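All values reported here derive from a predicted model rather than from experimental measurement.
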Amino acid sequence: MKRSIYRQLLEWKASANRKPMMLYGARQVGKTYILKEFGRNEFDNLVYINCYKNQAIETLFAEDKDVSRILLGLSALSGQEITEGKTLIFLDEIQEVPDVVASLKYFCEDAPGIFIVTAGSLLGVMNMAGKPFPTGKVNILHMYPMTFDEFIEAMGEDKMLSVLQDPAQHNLVNSLLPNYIELLRQYYFVGGMPEAVGEFINSHTPASVRKIQLDILSAYEADIAKHAGKDTPKARLVFESIPSQLTKENKKFVFGALRKGARAAEYENAIQWLVDAGLVYKIPRLSKVGLPISFYMDKDTFKLFVLDVGLLGAMAQIPPSMMLIGNNVFSDYKGAFTENYVLTQIMPVPETLTGYYSKENSTMELDFVVQAGKHLLPIEVKAEENVKSKSLRQFITVDKADSGLRGIRFSMKGYISQDWMDNVPLFAVNRLITQFAKDS
């Protein structure tokens, strides 16, 4: 399956300032697959080493950080010749051997002509007790579940994708609205975890897809139990509460919903663990809408979302038939799926930062505010047929009337332009945000 991050890997290969690459991402988002494809397609040979329970690798990297010696050892272990400029070295599951991470500094300084990539858990890498992180000596990429664009390409709908990604074809997109909505309905159920997408394409059996989703969630539960330590019960409680938290009208995370009298200080470590593991996205409230939005983030007030909309459906135990037949998945659950979906389409876009805005002593709220490159995008999300944008209109035409800002509403309708706002179909979220991010 094609992944958009492949283009970023090609840019890394071509860069004159290339450093060793670290690819982060949650379990099973496709890190190993895409790096193997990159190595096989773009290099003469690929040297792949999995560091998990690999005593030879632990010994090789523990002795010293002499790059020539390490390269000789990797060549011997893989049975392949390592040629500068022609071989890609791929070290997988690097969080299992902290000395591998530390060695990347020396690859950068002493062997800049060697192409080396790594993959692993951000959580594991950032918690290497006593081992230095090679700050400034590595390039870092983050990988996410498949976007809707990647999903429809994997489904063989190349022409639909081509039309969707062409800014000159808005009228044609509007005429094909039912076709895109049917694909979006399927994506809400399947989500973007590559194994679930592959199973849906191959078998088209909802029960098989749901089993894979539940297996992935079980693996995440095991990771929490293995790595979260004393915060394990709290991390589980937070993670399992997200579906019900998102069905509230105000989706701000409420600690009291976890248990009576719960306080933020008790759960902040557990939440940070889930964020670092890539299982949830934490979106802070903005006290003001302006550039850069990082200046106005209130880290104590936030929303939590699940990394994948398909996994959200599995967590909520919603029957596949309710998601695949009719418009229940769009109209029910108070927009929980729709906001979560929109965020999962924004997160993979480079050069973006996301928050949400609510006005003090008012019910006015913007679902998201995205900084995409040099652009500031106030966003309202509509899951139902009623697309009146009271909060967005108030913000754009009254509160920020002289700012030059233009609102964006994502909804089930097609492209519509008004003097203060553009309506963009829900299935075009990733394309629109990417367009703004590139224009920077």
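Contact check on E360 versus R285 returns a salt bridge, with a Lys/Arg side-chain nitrogen under 4.0 Å from an Asp/Glu carboxylate oxygen.
Of all heavy-atom pairs between R3 and V29, the closest is NH1-O, 2.9 Å. Of all heavy-atom pairs between P348 and Y144, the closest is CA-CD1, 3.5 Å.
Put simply, SG on C108 and CD1 on I116 are 11.0 Å apart, with the number rounded to the nearest 0.5 Å. Taken from OG1 in T344 to CE in M146, the straight-line distance is 12.5 Å, to the nearest 0.5 Å.
The residue from F38, F90, F43 that alone fulfils the ring-ring contact (aromatic ring centres under 6.0 Å, His included) condition with Y48 is F90.
Ring centroid separation for the pair F305 and Y281 does not come in under the 6.0 Å cut-off. Ring to ring, Y357 and F395 are close: their centroids are under 6.0 angstrom apart.
Partners of Q435 under the side-chain hydrogen bond (donor to acceptor under 3.5 Å, both in side chains) rule, at least two apart in sequence or in another chain, are R431.
Formation of a donor-acceptor pair under 3.5 Å by the E109 side chain with backbone atoms of Y106 is not found in this model. Looking at Y341, its side chain never comes within 3.5 Å of a backbone N or O of L184 through a donor-acceptor pair. A donor-acceptor pair is defined here as one N or O able to donate and one able to accept, closer than 3.5 Å; no such pair exists between the side chain of S362 and the backbone of K359. A donor-acceptor contact shorter than 3.5 Å links the side chain of K382 to the backbone of K388. Side chain of K413 to backbone of N423: no donor-acceptor contact under 3.5 angstrom is found.
Between F302 and F255, the angle of the ring planes goes over 60°, which puts this pair in the perpendicular group of the 30/60° scheme.
In this structure, a donor-acceptor pair under 3.5 Å is absent between the side chains of E268 and Q272. Of the N and O atoms on the side chains of Y220 and Q28, not one donor lies less than 3.5 Å from an acceptor on the other residue. If you check the side chains of E339 and Y356, you find no donor sitting under 3.5 Å from an acceptor. Judged purely by distance below 3.5 Å, without hydrogens or angles, the side chains of D298 and S287 never pair a donor atom with an acceptor atom.
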Output side-chain donor-acceptor pairs under 3.5 Å for residues 363-373, partner residues at least two apart or in another chain, one line each.
from: E365; atom 1: OE2; to: K303; atom 2: NZ; distance (Å): 3.1
from: D367; atom 1: OD2; to: V381; atom 2: N; distance (Å): 2.7
from: Q371; atom 1: OE1; to: I293; atom 2: N; distance (Å): 2.9

